[in-house]
Amino acid sequence: MSKQRLTLQELELRMKFNNKESFFTKLRVKEQGPLIIAGPCSAESEAQVMLTAQALAKQDVHMFRAGIWKPRSRPNTFEGVGYKGLEWLSRVKQELGLKVTTEVANARHVEEALKYGIDALWIGARTTVNPFAVQEIADALQGVQVPVMVKNPINPDLALWIGALERIYNAGVTDLAAIHRGFSSYQKSKYRNVPVWQIPIELKARFQSLPIIVDPSHIAGNRDLIFAVSQKALDLGYDGVMIETHPDPENALSDAEQQVTPNALKDILERLQVRKTAYDDAELENRAEELRLQIDAADHDIIAALAKRMALVEQIGEYKKQNNVQVLQLERWKEIFRSRVEWAEEAGINPDFVAELYKLIHVESIRKQTQILNEDR
Ligand code: PEP
Ligand code: MN
C-alpha cells in the first residue's frame with residue numbers, strides 16, 4: 001500500500017490542532033516573546049564555537065546555530081569545517097544545555113547530523129530552489145522525528161518555498177518552520193537580499209500555524225540594519241529571529257559584515273518591542289473598530305474616484321478613436337507623473353507610493369483605451 005501523501009493544507013489543520021506541542025512553540029520561554037536562534041554563520045574552530053555559545057547561553061537565546069557545510073559562491077573560499085563541527089555542536093548541547101541547529105544540503109549531512117543529536121536542521125536558500133536536493137533530504141528524513149526549518153528559495157517564488165515544505169512534511173516531519181532570509185535581486189538596494197515582505201505574509205496567510213522566523217542577517221547583509229529588519233518582522237507577527245553572532249565579526253571567515261558580537265545581540269534583543277496580538281479590552285477594541293469603519297468609508301471614496309477616472313478615460317478613448325489619434329500621449333503621461341508626485345508631496349503622503357500607484361493606473365488606462373480602439377473591427 002502506498003504511503004498517504006498529505007498536502008500542506010492538511011499539515012495546517014494538524015498543526016493547528018497540536019500547535020502548543022510544536023517543538024518551536026515549546027522552546028519559547030515567554031508566551032509573547034519570539035523564538036531566538038543565534039550563533040555564527042560558520043563554525044570555524046572549537047574555541048570559537050564554545051566562546052560564542054558560552055556568551056549566548058547567558059542570554060535569552062533558545063537555540064544555537066552554526067553552519068558546518070557552507071554553500072559559497074566561489075570555490076577556494078572557506079567552505080566550512082565539515083563533519084568535525086558536529087562534535088563541537090554536540091559539546092554545546094551537552095555542556096551548555098542549548099539546543100543546536102545546522103544547515104543540511106544532502107542526505108549524508110542529514111544522517112551525520114542525526115547521529116550527533118543535532119536538535120533541529122535547516123535547509124538553506126540555495127537548496128530550497130532545487131526540488132531534487134530537497135527530495136533527497138526528505139527521503140533521508142523518512143521515519144525520523146526531527147524539527148526542520150526551510151529557508152525561502154533565493155528567488156522570490158512562493159510555490160517553490162511551499163513545495164520544499166511539502167516535500168519535508170510528506171516525509172513525516174511535522175515540526176516545521178519557515179525562515180525568511182530575503183531574495184536575490186539584480187536591482188540595487190540597501191539590502192543584501194530584498195525582503196519582499198508580501199511573500200512571507202502570503203505564506204503566513206495560507207498556513208497560519210506554520211511558525212515563521214526572520215533571518216535579518218542575510219536580509220540585511222550589514223549589521224546596522226539587523227535591528228530594524230527584526231522589529232519589522234515582529235510587528236508583522238513573526239514567531240522568531242535567527243541572528244548571526246560571532247565573537248569577532250570583522251574577522252569571521254564568512255559573512256563578516258552581517259554578524260554581531262554577543263553583546264551587540266543582547267542590545268538588539270533588549271531594544272526589540274514585542275507587541276500584543278490583540279487589544280487588552282473591549283473599549284480599546286471599539287476605538288479600533290471605529291477607525292476601521294472610517295477607513296472603509298475612505299476606501300469607498302477611493303474606489304468611487306477611480307470609477308469616475310476610468311469613465312473619463314473611456315470617453316477620451318472614444319474621442320481618440322473618432323479622431324484616429326494614438327492612445328499613448330507620452331508628454332501627457334510625463335506631466336501626470338510629475339504633477340501627481342508633486343501633489344502627493346504637498347498632501348504629505350509618500351511620493352514613491354503615489355508614483356507606483358500611477359504606474360498601475362497608467363497601465364489600466366492604456367489597456368482600456370486600446371480595447372476601445374480595437375472594438376468593432
Ligand atoms: C546561513 O544561514 O549561513 C546561510 C548560508 O544562509 P542562506 O541559505 O540563507 O544563504
Ligand atoms: Mn551566513
Side-chain angles (χ1 to χ4, degrees), residues 35-44 48-49 52 56 61 63-75 77-82 85-86 88-89 100-106 109-110 113 118-130 133-134 137 147-157 160-161 164-165 168 177-185 191-196 199-200 203 212-223 225-226 229-230 233 238 240-261 264-265:
L35 172 69
I36 295 159
I37 305 171
C41 175
S42 303
E44 298 169 4
Q48 170 249 12
V49 165
T52 320
L56 297 180
V61 169
M63 191 147 62
F64 182 78
R65 63 147 283 155
I68 284 174
W69 302 285
K70 299 304 296 178
R72 304 304 300 278
S73 304
R74 307 283 308 269
T77 51
F78 175 67
E79 291 184 310
V81 295
L86 291 170
W88 310 339
L89 286 180
V100 291
T101 181
T102 197
E103 173 175 348
V104 291
N106 60 40
H109 294 165
V110 173
I118 303 303
D119 298 287
L121 309 175
W122 89 75
I123 296 180
R126 292 163 193 76
T127 306
T128 308
V129 283
N130 182 349
V134 176
I137 293 171
V148 178
M149 300 177 280
V150 180
K151 286 202 173 195
N152 65 253
I154 40 185
N155 51 327
D157 183 339
L160 207 48
W161 198 359
L165 285 157
I168 302 302
I179 300 179
H180 173 212
R181 52 78 78 197
F183 303 88
S184 282
S185 167
Y191 300 107
R192 178 180 175 196
N193 292 293
V194 286
V196 201
I199 292 181
L203 184 72
I212 300 197
I213 295 160
V214 70
D215 173 347
S217 311
H218 288 89
I219 290 178
N222 148 13
R223 53 190 145 265
L225 287 173
I226 288 179
V229 173
S230 307
Y238 278 49
V241 296
M242 179 190 256
I243 300 180
E244 287 190 335
T245 313
H246 190 286
D248 181 10
E250 269 99 46
N251 293 306
L253 298 182
S254 58
D255 289 351
E257 305 80 36
Q258 70 190 36
Q259 303 204 60
V260 295
T261 61
L265 177 77

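Computed from a predicted structure; not experimentally measured. Index from 1, following the sequence. As the structure lists them, so they are numbered: ligands from 1, and atoms in each ligand from 1.
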Between His180 and Trp161, how do the two ring planes meet: parallel, tilted or perpendicular, split at 30° and 60°?
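Tilted, since the angle between the ring planes falls between 30° and 60°.
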Flag, side chain of [X] to backbone of [Y], donor-acceptor distance under 3.5 Å:
| X | Y | answer |
| --- | --- | --- |
| Asn152 | Gly182 | yes |
| Thr102 | Ala66 | yes |
| Arg65 | Pro40 | yes |
| Arg72 | Phe78 | yes |

Suppose you place the vertex at the Mn ion (ligand 2); what is the angle out to Asp255 OD2 and His218 NE2, to 10°?
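About 80°, to the nearest ten degrees.
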State, to the nearest 10 degrees, the angle whose vertex is the Mn ion (ligand 2) and whose arms point to OE2 of Glu244 and SG of Cys41.
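Value returned, to the nearest 10°, is 90°.
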Anything with a heavy atom under 4.0 Å from ligand 1 counts, so go ahead and list those protein residues by chain and number.
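Ligand 1 is contacted, at a heavy-atom distance under 4.0 Å, by Cys41, Arg65, Lys70, Glu103, Trp122, Gly124, Ala125, Arg126, Lys151, Arg181, His218, Glu244.
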Nearest 0.5 Å, please: how far is OG1 in Thr77 from NZ in Lys70?
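OG1 of Thr77 is found 11.0 Å from NZ of Lys70.
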Sequence neighbours left out, cut at 3.5 Å: what donor-acceptor pairs do the side chains of residues 250-257 make with other protein atoms?
{"residue": "Glu250", "atom": "OE2", "partner": "Arg223", "partner atom": "NH2", "Å": "3.1"}
{"residue": "Asn251", "atom": "ND2", "partner": "Asp248", "partner atom": "OD1", "Å": "3.4"}
{"residue": "Asn251", "atom": "ND2", "partner": "Asp248", "partner atom": "OD2", "Å": "2.8"}
{"residue": "Ser254", "atom": "OG", "partner": "Ser42", "partner atom": "OG", "Å": "2.6"}
{"residue": "Asp255", "atom": "OD1", "partner": "Arg192", "partner atom": "NH1", "Å": "3.1"}
{"residue": "Asp255", "atom": "OD2", "partner": "His218", "partner atom": "NE2", "Å": "3.0"}
{"residue": "Asp255", "atom": "OD2", "partner": "Gln258", "partner atom": "NE2", "Å": "2.9"}

